[in-house]
Amino acid sequence: MDLVIFSEDFLNDILKIEHESFTNPWNREMFLGSAQNKTVIFKILIKNKIVVGYYIISTIADETEIITIAVCPKFRRQNCGKFMLTDILKETLLKKSKFIFLEARKSNIPALNLYKAFGFKEIGLRKNYYIDEDAIVLRLTN
């Protein structure tokens, strides 16, 4: 597996994964806007020349937010999420980030378990964050 910096060449594959992964998927413009943001790191996970996942993080001062992270459904449970989270931790250390935050669906038990395995702690709840569901707010202290 390899992580590469976002290129528009990957956008159609990203949009397919996005629509397979989320009930309120981002559109093309949202991804392109994120890619242009100077605070953002946007990486694509490639396995055997196939786009299997991606993540977007944003660091401001000493805080990093995992804006989005997704793995193609047919590549889940193959350590892709762990691979990307490990890279996120490396990036946040380079940026001297003290805290990493993210929200996850309350029902997304596999994702919550993965984040907790990396040391993330639940610090709050956002009611109706996903319109149809609450979000668990998680934080990792670097």
Side-chain angles (χ1 to χ4, degrees), residues 1-126 129-142:
M1 286 188 280
D2 292 303
L3 281 161
V4 298
I5 298 295
F6 170 81
S7 159
E8 211 170 324
D9 297 339
F10 300 118
L11 194 50
N12 287 336
D13 294 324
I14 291 166
L15 288 167
K16 185 175 187 311
I17 294 169
E18 179 77 4
H19 280 84
E20 293 172 343
S21 300
F22 301 109
T23 55
N24 297 309
W26 281 23
N27 61 38
R28 176 177 298 275
E29 290 72 29
M30 294 166 87
F31 282 108
L32 292 173
S34 285
Q36 294 172 357
N37 184 326
K38 302 267 190 257
T39 70
V40 159
I41 295 173
F42 188 166
K43 289 190 178 180
I44 313 305
L45 182 63
I46 309 289
K47 184 176 183 180
N48 301 324
K49 299 182 182 180
I50 298 169
V51 174
V52 298
Y54 55 88
Y55 76 75
I56 301 173
I57 61 173
S58 176
T59 301
I60 298 174
D62 63 352
E63 294 185 357
T64 296
E65 179 182 2
I66 299 175
I67 297 170
T68 191
I69 183 169
V71 175
C72 177
K74 62 184 168 189
F75 288 93
R76 291 182 186 156
R77 306 246 188 263
Q78 296 180 31
N79 294 317
C80 297
K82 287 181 185 176
F83 192 84
M84 289 191 289
L85 275 173
T86 299
D87 191 69
I88 288 169
L89 294 180
K90 289 178 193 170
E91 291 288 355
T92 60
L93 288 173
L94 289 172
K95 296 268 189 186
K96 296 181 173 37
S97 185
K98 292 181 184 170
F99 305 101
I100 306 170
F101 293 91
L102 68 102
E103 292 92 10
R105 282 183 177 273
K106 193 173 179 180
S107 65
N108 193 346
I109 303 303
L112 290 168
N113 288 337
L114 175 62
Y115 301 134
K116 289 175 183 177
F118 271 76
F120 282 85
K121 305 284 187 229
E122 290 185 26
I123 61 163
L125 180 75
R126 293 186 194 223
Y129 182 78
Y130 294 102
I131 300 169
D132 61 338
E133 187 174 354
D134 298 341
I136 303 290
V137 181
L138 299 129
R139 178 180 70 201
L140 177 66
T141 303
N142 265 346

Less than 4.5 Å apart, any side-chain heavy atom of [X] and any of [Y]?
X	Y	value
Phe6	Leu11	yes
Leu45	Val51	no
Lys74	Glu20	no
Met84	Val71	yes
Leu15	Trp26	no
Thr23	Asp132	yes
Leu93	Asn142	yes
Ile66	Leu85	yes

Distance check, rounded to the nearest 0.5 Å: [X] atom [atom1] versus [Y] atom [atom2]?
X	Y	atom1	atom2	value
Lys96	Thr59	NZ	OG1	12.5 Å
Ile88	Ile56	CD1	CD1	10.5 Å
Arg76	Ser21	CZ	OG	4.0 Å
Cys80	Met1	SG	CE	4.5 Å
Lys116	Asn113	NZ	CG	6.5 Å
Phe99	Asp62	CZ	CG	6.0 Å

Heavy atoms of Ala135 and Glu103 approach each other most closely as CB-CB, 3.9 Å

Closest approach of Ile17 and Gly53, non-hydrogen atoms and distance? CD1-N, 3.9 Å

Sequence neighbours excluded, which residues qualify as salt bridge (Lys or Arg N to Asp or Glu O under 4.0 Å) partners of Glu18? none

Any donor-acceptor pair under 3.5 Å from Asn27 side chain to Met30 backbone: yes

Can you tell me if Ser34 uses its side chain to pair, donor with acceptor, with the backbone of Phe31 under 3.5 Å? no

Before you tell me yes or no, could you show the steps for Phe101 and Leu140 under side-chain contact (heavy atoms from CB on, under 4.5 Å), namely the whole-Å CA-CA distance, both residues' side-chain angles and the distance that decides it to 0.1 Å? CA-CA 7 Å; Phe101 293 91; Leu140 177 66; over 6 Å; no

Taking atom NZ of Lys106 as the centre, report whether more than 12 heavy atoms of other residues, nucleotides or ligands fall under 6.0 Å from it. no

Quick one: which residue pairs count as a ring-ring contact (aromatic ring centres under 6.0 Å, His included) with a foot in residues 59-94, not counting sequence neighbours? none

I'd like to know if Asp2 and Lys49 make a salt bridge, using a cut-off of under 4.0 Å between side-chain N and carboxylate O. no

I'd like to know if Glu122 and Arg139 make a salt bridge, using a cut-off of under 4.0 Å between side-chain N and carboxylate O. no

Check the pair Phe42, Ile14 against side-chain contact (heavy atoms from CB on, under 4.5 Å), reporting the backbone distance first and the verdict last. CA-CA 11 Å; Phe42 188 166; Ile14 291 166; 3.9 Å; yes

Would you sort out whether Lys121 and Leu138 count as a side-chain contact (heavy atoms from CB on, under 4.5 Å), showing the intermediate values? CA-CA 5 Å; Lys121 305 284 187 229; Leu138 299 129; over 6 Å; no

Side chains of Thr39 and Ser58: do they bring a donor and an acceptor to under 3.5 Å? yes

Quiz question: by atom type and distance under 3.5 Å, do the side chains of Glu63 and Ser97 form a donor-acceptor pair? no

Starting from the C-alpha separation in whole Å, work towards a yes-or-no answer on side-chain contact (heavy atoms from CB on, under 4.5 Å) for Thr92 and Leu94. CA-CA 5 Å; Thr92 60; Leu94 289 172; over 6 Å; no

Who are the side chain to side chain contact (heavy atoms under 4.5 Å, CB included) partners of Lys43, not counting sequence neighbours? Leu3, Ile5, Ile41, Tyr55, Asp87, Glu91

Return the orientation label for the Tyr115 and Phe120 ring planes: parallel under 30°, perpendicular over 60°, tilted otherwise. perpendicular

